[in-house]
2 protein chains.
Amino acid sequence: MFYIIGLGLADEKDISAKGLEIVRRAERVYLEAYTAILLVDQQVLEAYYGRPIIIADREMVESSSDSIVEGAHEKDVAFLVVGDPFSATTHTDLALRCRQHDPPIPTRTLPNASILTAIGATGLSLYNYGQTVSMVFFTENWKPSSWYDRVAENVQLGLHTLVLLDIKVKEPDLNALARGKIIYEKPRFMTVAQCAEQMIEVEEEKKALVCANEALAVGVARLGSEEQMIVAGTLEQLSQADLGKPLHSLVLIGRRMHEIEWEYVREFAIDKAVFDEIWKREYAGQA
Amino acid sequence: MFYIIGLGLADEKDISAKGLEIVRRAERVYLEAYTAILLVDQQVLEAYYGRPIIIADREMVESSSDSIVEGAHEKDVAFLVVGDPFSATTHTDLALRCRQHDPPIPTRTLPNASILTAIGATGLSLYNYGQTVSMVFFTENWKPSSWYDRVAENVQLGLHTLVLLDIKVKEPDLNALARGKIIYEKPRFMTVAQCAEQMIEVEEEKKALVCANEALAVGVARLGSEEQMIVAGTLEQLSQADLGKPLHSLVLIGRRMHEIEWEYVREFAIDKAVFDEIWKREYAGQA
């Protein structure tokens with residue numbers, strides 16, 4: 001059996017009791033380590049699970065998936081994924097390839113916590129979210145803004161938008177690559193401040209009032225861990241906020257925010273007076 | 001510390017390793033048992049956790065929450081919730097009450113798998129969902145249809161809609177109540193077939209082409225368990241489908257369904273020819 005096992009969000013103990021049993025008896029254990037990361041190192045996982053772990057980077061998953069699933073007809077192979085397995089399409093691809101194998105490889109998926117629901121810790125109801133979008137690091141010449149149209153659709157309906165932030169793990173250094181060398185860049189994780197800044201930058205260009213300076217938003221960091229941090233404010237305030245270590249995410253608040261949601265989320269406000277003033281002026285009574 | 005601990009979706013072993021440690025040392029352990037259920041009985045949980053469990057019904061949580069949080073300033077109290085704690089607003093209320101307590105009661109939430117992300121097992125990308133809605137049991141005189149407008153908003157944007165289905169646990173029998181007796185009705189769980197039927201019924205009245213007979217949808221049952229079942233088809237086909245034991249959920253497929261999503265979900269089709277024909281006519285190329 002090929003098991004795709006969600007690890008949850010924070011550390012080695014967020015795996016389910018069932019998942020832990022499988023990891024401890026599996027023939028091989030892989031860890032997908034390029035779409036998300038846990039807040040602890042590989043060594044901590046290996047010590048707790050009592051098993052060596054093979055790190056599966058993007059190249060391995062996309063080009064050598066046959067070696068990953070090899071032997072899973074007869075034996076158990078565990079493929080560990082941070083968060084919930086189906087929250088990233090990569091793993092749907094992997095499950096699809098198992099199904100199309102000849103003969104098909106039996107697979108089973110163990111769900112776990114995902115940022116898509118753990119974001120409920122902000123107090124913003126999961127029923128009031130629209131589409132989820134991703135934000136990538138802008139470069140000088142590449143500032144993709146297709147997310148803006150999707151966020152606009154959510155804003156139009158008064159819905160919240162969860163924005164997932166870019167992570168760069170094991171990216172080849174393009175300058176070195178041009179000289180024929182493969183050197184990997186230092187891992188980078190987008191912060192709430194960077195995301196808020198990029199949103200304001202695109203708003204200033206498109207001017208459709210989707211994510212202006214004064215739009216209310218919530219930044220979260222290390223959700224699900226003991227060092228979890230939640231900060232609410234305007235996008236401008238968040239562009240100055242320091243939420244510390246990764247992973248970060250951001251929620252743009254929709255105008256349908258209910259009074260109960262406001263009551264909960266205002267406790268996280270950088271400046272309650274500003275937050276309440278904007279809420280009363282722009283959001284209250286539109287639920 | 002007052003711990004709100006997600007149990008995941010299927011059985012006693014879906015709790016996280018961290019959650020299990022807390023349950024085993026907590027002073028008291030409650031199980032919220034009215035917004036969702038696991039697929040195993042209380043006795044199975046108690047045997048595995050090695051602890052007695054106090055069942056918290058709606059009345060206890062809404063009227064006697066003080067007794068639940070009592071002593072959590074000094075000792076650990078565990079409140080277990082099926083799925084993910086923040087996927088139901090009840091638990092946001094409970095966390096809010098802890099915060100407003102004098103002195104405030106320290107709380108911590110342990111996220112876990114939720115139907116909101118486990119639904120990714122259908123192959124429909126979680127990025128392409130709009131708002132989640134709930135469907136309650138219709139009675140002869142009460143057929144609430146506010147969900148219809150929200151689904152219409154999703155349909156307009158071409159997005160998928162997750163429909164969560166009603167469960168009735170420990171509901172007082174109104175006839176008996178009128179005679180001064182409290183008798184509880186047998187638990188009831190809405191099926192995919194009942195949901196599809198109610199959707200078609202409301203469509204026939206409102207006629208906005210939101211959920212017509214031929215709209216494509218996916219029914220799921222017992223997601224995250226070994227007895228998981230996924231069935232795709234038109235709403236009319238699903239209104240005849242038997243997915244067996246609870247819990248069931250339904251996804252109305254949006255027109256932006258990508259070819260990769262279609263390729264995955266068609267494997268679950270009741271009738272692949274019908275599914276593909278409607279996909280090609282109404283959905284293909286709109287992503």
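First the proteins, then the strands, lettered A, B, ... as listed; each starts at 1.
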With rounding to the nearest 0.5 angstrom, report the CG to CG distance, A/D84 to B/N112. 9.5 Å
B/Q156 and A/E153 side chains, donor-acceptor separation under 3.5 Å: no
Could you check whether atom NZ of B/K272 has more than 12 heavy atoms from other residues, nucleotides or ligands sitting under 6.0 Å from it? yes
Would B/R99 count as a cation-pi partner of A/F268, with NZ or CZ less than 6.0 Å from the six-membered ring centre and within 45° of the ring normal? yes
Specify which of B/I119, B/L223, B/T117 makes the most heavy-atom pairs with chain A at under 4.5 Å. B/T117
Pick from A/S114, A/G123, A/S16, A/G8: which one has the most heavy-atom pairs with chain B under 4.5 Å? A/S16
Interface residue of largest heavy-atom contact number with chain A, from B/T122, B/L159, B/L116, under 4.5 Å: B/L159
What closest approach, in Å, do A/A10 and B/K18 show between heavy atoms, and which atom pair accounts for it? CB-NZ, 4.4 Å
About how many Å separate CG of A/N154 and CG of B/L157, when rounded to the nearest 0.5 Å? 8.0 Å
Rounded to the nearest 0.5 Å, what separates atom CD in A/Q131 from atom CD in B/Q131? 10.5 Å
In terms of heavy-atom contacts, does CD1 of B/I260 have more than 12 from other residues, nucleotides or ligands at under 6.0 Å? no
Looking only at non-hydrogen atoms, find the nearest pair between B/Y264 and A/A95 and report the distance. OH-CB, 3.5 Å
Portion of A/L110 that has a non-hydrogen atom of chain B nearer than 4.5 angstrom: neither
Between B/G224 and A/P111, the two heavy atoms sitting closest are CA-CG, 4.1 Å
Taking atom CD of B/Q43 as the centre, report whether more than 12 heavy atoms of other residues, nucleotides or ligands fall under 6.0 Å from it. yes
What part of A/S225 gets within 4.5 angstrom of chain B, counting heavy atoms only: side chain, backbone, both, or neither? backbone
Region of A/L164 in contact with chain B, defined by heavy-atom distances below 4.5 Å: side chain
Which region of A/Y129, side chain (C-beta onward) or backbone (N, CA, C, O), has a non-hydrogen atom less than 4.5 Å from a non-hydrogen atom of chain B, or is it both or neither? backbone
Would you sort out whether B/Q100 and A/E263 count as a side-chain hydrogen bond (donor to acceptor under 3.5 Å, both in side chains), showing the intermediate values? CA-CA 11 Å; B/Q100 291 167 341; A/E263 194 183 352; 3.2 Å; yes
Looking at B/L9, B/D11, B/L20, which one has more heavy-atom pairs under 4.5 Å with chain A than the rest? B/D11
So which part of A/E261 gets closer than 4.5 Å to some heavy atom of chain B, the side chain, the backbone, both or neither? neither
Hey, which of B/A121, B/G130, B/A118 has the most heavy atom pairs under 4.5 Å with chain A? B/A121
If you count heavy atoms of other groups shown closer than 6.0 angstrom to CD of A/E267, is the number above 12? yes
Select one option (side chain, backbone, both, neither) describing which atoms of A/Q228 are under 4.5 Å from chain B's heavy atoms. neither
Interatomic spacing from OG in A/S134 to OH in B/Y127 - rounded to 0.5 Å: 3.5 Å
